[in-house]
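Note sheet for the following structure.
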Amino acid sequence: MDSVKNYIQENKDRFIAELIELLKMPSISADAAYSQDVLNTSEAVKDALEKAGCDKVEICETPGYPIVYGEKTIDPALPTVLVYGHYDVQPADPIELWDSDPFEPVIKKTDIHPDGAIFARGACDDKGQMFMHVKALEYMVRNNVLPCNVKFMIEGEEEVGSGSLSWFVKNNHEKLKNDIILISDTGMLANDTPSITTGLRGLSYVEVEVTSANRDLHSGLYGGAVANPINVLTKMIASLHDENNHITIPHFYDKVEELSQAERDEMAKAPFSLEAYKKALDIDAVYGEKGYTTTERASIRPTLDVNGIWGGYTGQGAKTVIPSKAYAKISMRLVPNQDNLEITELFTKHFESIAPAGVRVKVTPHHGGQGYVTPTDTPAYQAAVKACKESFGKEPIPVRSGGSIPIVALFEEELGSKSILLGFGLDSDAIHSPNEHYGIFNFLKGIETIPWFYHYFVNNK
Ligand code: BES
Ligand code: MN
Ligand code: MN
């Protein structure tokens, strides 16, 4: 495995060039206008896996976008690592806030990435991170150091809820059989502070609609006498948090796992600067649930956030109107033991119950999923720790993330497999935002770390 550094040095320009080709493909799963691009991207991933040395690669059709499945079996008696990633990306909008075309990747240096970073939608989430696994496989196959069997499962609907992958996993237990799932779709603390993600939050996502009169009304003739659905909706939303920023939905916290003081103390050891955090976001104060630190609020505590709200007149000038309808999209990030379907139901019941007479309320659930915690006392986790020590020369810190990859809990439920979340992105990489980027250092460090994971997983099991 010691040759990995040399291999990367000799091939890095090609690795970057290949990733750039993949990033040029606008595989936006949320927007049907890009469906052909999403399909083309699945073909490109298939080609990449074949070239990297998989013996068998297939495009598996699903009710939605296909799943690219690849495998390299060296000996059925040896363990199998299943790599999961996604080739779809978030929409690029608001496009005017990008400094360069989201699908014409450019390399630029930044303060955090002095070696340069690739700017493009999907650079970090998740094409850049997924591609590290393809190149790590290439290295292991070409240098005869692949120590076990590998399966790849790369989906095209992660950013829209992994609906087809759920179906695929439920129907392919035997095909997907594995000893550990390895995923790079999360982040780490800083380039000189390696960390391994040990938890993900769950998600319940709903859309609400509040209706008053059967048509928009003149706000002079009817104003004051008929419920204004926007006034009502905003009041209802405001009531969902109390003065301490606790969520007011009855039974919302019933199953929340409270961490012990010892666990919280352990978490607090991870380096974090509140000043730097505020500065990076240009805010003068943080905001959140009373009794918890910023790190805790963004990882081990559940949340309720409005993601979008609309209704009424938003065009030019003024229009005096009481709209008939108002809408909002609301997401709740959940922590382990909170069941997303149960939370969606609690939300729906509560939201309906607080609607005043004079309006009708409709709640429509979107996608969701359970949270996940990776046990750290396993050979697989310890292999990831050793791998980071080899590549970074430092002990990685375990970190519970606030983000969600709902399919990870389903992997455990359906396949009985644990997942190792070995991500190399930084919070500042602007995933889902304009100017998303991924550090060249991070990309290459990932390729270097992954073969070490295989090595220690197989040799220390
Ligand atoms: N890769 C992210 C999740 C992530 C990023 C987890 C950084 C931890 C650290 C994933 O692609 C994502 O965006 N997930 C969505 C949920 C999904 C159901 C759309 C999320 O977290 O909002
Ligand atoms: Mn992702
Ligand atoms: Mn994402």
- Message: For Q129 and D125: C-alpha separation, side-chain torsions, deciding distance, then whether side chain to side chain donor-acceptor pair (under 3.5 Å) applies.
- Response: CA-CA 7 Å; Q129 298 216 67; D125 183 13; over 6 Å; no
- Item | Trace of the side chain to side chain contact (heavy atoms under 4.5 Å, CB included) decision for Y381 with K418 | CA-CA 10 Å; Y381 185 85; K418 303 277 183 210; over 6 Å; no
- For F443 and F424, what are the C-alpha separation, side-chain angles and deciding distance, and is it a ring pair (Phe, Tyr, Trp, His ring centres under 6.0 Å)? CA-CA 7 Å; F443 176 57; F424 296 87; over 10 Å; no
- Task: I would like to know whether E412 and S419 meet side chain to side chain donor-acceptor pair (under 3.5 Å); could you show each step before the answer?
- Result: CA-CA 8 Å; E412 175 151 47; S419 292; over 6 Å; no
- Task: Please lay out, stage by stage, how E159 and S29 fare under the test side chain to side chain donor-acceptor pair (under 3.5 Å).
- Result: CA-CA 7 Å; E159 300 292 7; S29 50; over 6 Å; no
- Message: As a quick check of understanding, evaluate side chain to side chain contact (heavy atoms under 4.5 Å, CB included) for V361 and M236, giving each step before the final call.
- Response: CA-CA 11 Å; V361 165; M236 288 168 72; 3.9 Å; yes
- Check step by step if side chain to side chain donor-acceptor pair (under 3.5 Å) holds for N149 and T73. CA-CA 5 Å; N149 308 310; T73 305; 4.8 Å; no
- Which is it for V226 and L217 under the side chain to side chain contact (heavy atoms under 4.5 Å, CB included) test, yes or no, and what are the steps along the way? CA-CA 9 Å; V226 174; L217 302 171; 4.0 Å; yes
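The shortest side-chain heavy-atom distance between P66 and Y87 falls under the 4.5 Å cut-off. Between V206 and F351, every side-chain heavy-atom pair lies at or beyond the 4.5 Å cut-off. P406 has its side chain out of reach of L200: every pair of non-hydrogen atoms, C-beta onward, lies at least 4.5 Å apart.
Under 3.5 Å, the side chains of T320 and H218 contain no donor-acceptor pair of N or O atoms. Residues S417 and N178 bring a donor and an acceptor atom of their side chains to less than 3.5 Å of each other. Of the N and O atoms on the side chains of T348 and E345, not one donor lies less than 3.5 Å from an acceptor on the other residue. Under 3.5 Å, the side chains of S204 and N340 contain no donor-acceptor pair of N or O atoms. For the residue pair H86/D88, the side-chain donor-acceptor check at 3.5 Å is satisfied.
Between the CZ atom of R333 and the OG atom of S401 there is a distance of 8.5 Å, given to the nearest 0.5 Å. In this structure, CZ on R121 lies 9.0 Å from CD1 on I95, to the nearest 0.5 angstrom. Here CD of Q261 is found 12.0 Å from CD of E266. Values are rounded to the nearest 0.5 Å. Atom CG of N191 sits about 8.0 Å away from atom CD1 of I112, to the nearest 0.5 Å. Note that the OG1 atom of T248 and the CD1 atom of I354 stand 6.5 Å from one another [nearest 0.5 Å]. The SG atom of C124 sits 9.5 Å away from atom NE2 of H432, with the distance rounded to the nearest 0.5 Å.
Using a 4.0 Å cut-off between charged side-chain N and carboxylate O, K175 and E58 make a salt bridge. Here E71 does not pair with K151 in a salt bridge; the nearest charged N to carboxylate O distance is not below 4.0 Å. Between K278 and E275, at least one side-chain N (NZ, or NE/NH1/NH2) sits under 4.0 Å from a carboxylate O, which counts as a salt bridge. Between E243 and K290 no salt bridge is recorded (no basic side-chain N to carboxylate O distance below 4.0 Å). Look at R301 and E296 and you find no salt bridge, because none of the NZ, NE, NH1 or NH2 atoms lies under 4.0 Å from a carboxylate O.
A centroid separation of less than 6.0 Å is found between the aromatic rings of Y84 and F411. Aromatic ring centres of H113 and H437: separated by under 6.0 Å.
Within 6.0 Å of NZ on K255 lie no more than 12 heavy atoms contributed by other residues, nucleotides or ligands.
Sorted by first and then second residue, the pairs that involve residues 282-325 and meet ring-ring contact (aromatic ring centres under 6.0 Å, His included), not counting sequence neighbours, are W310-Y327.
Not a single ring-ring contact (aromatic ring centres under 6.0 Å, His included) links Y69 to another residue, sequence neighbours left out.
Heavy-atom minimum distance, E157 versus Y65: OE2-N, 2.6 Å. The shortest heavy-atom contact between V68 and S42 is CG2-O, 3.5 Å.
With a 6.0 Å cutoff to the six-membered ring centre and a 45° limit on the axis angle, K108 counts as a cation-pi contact of F119.
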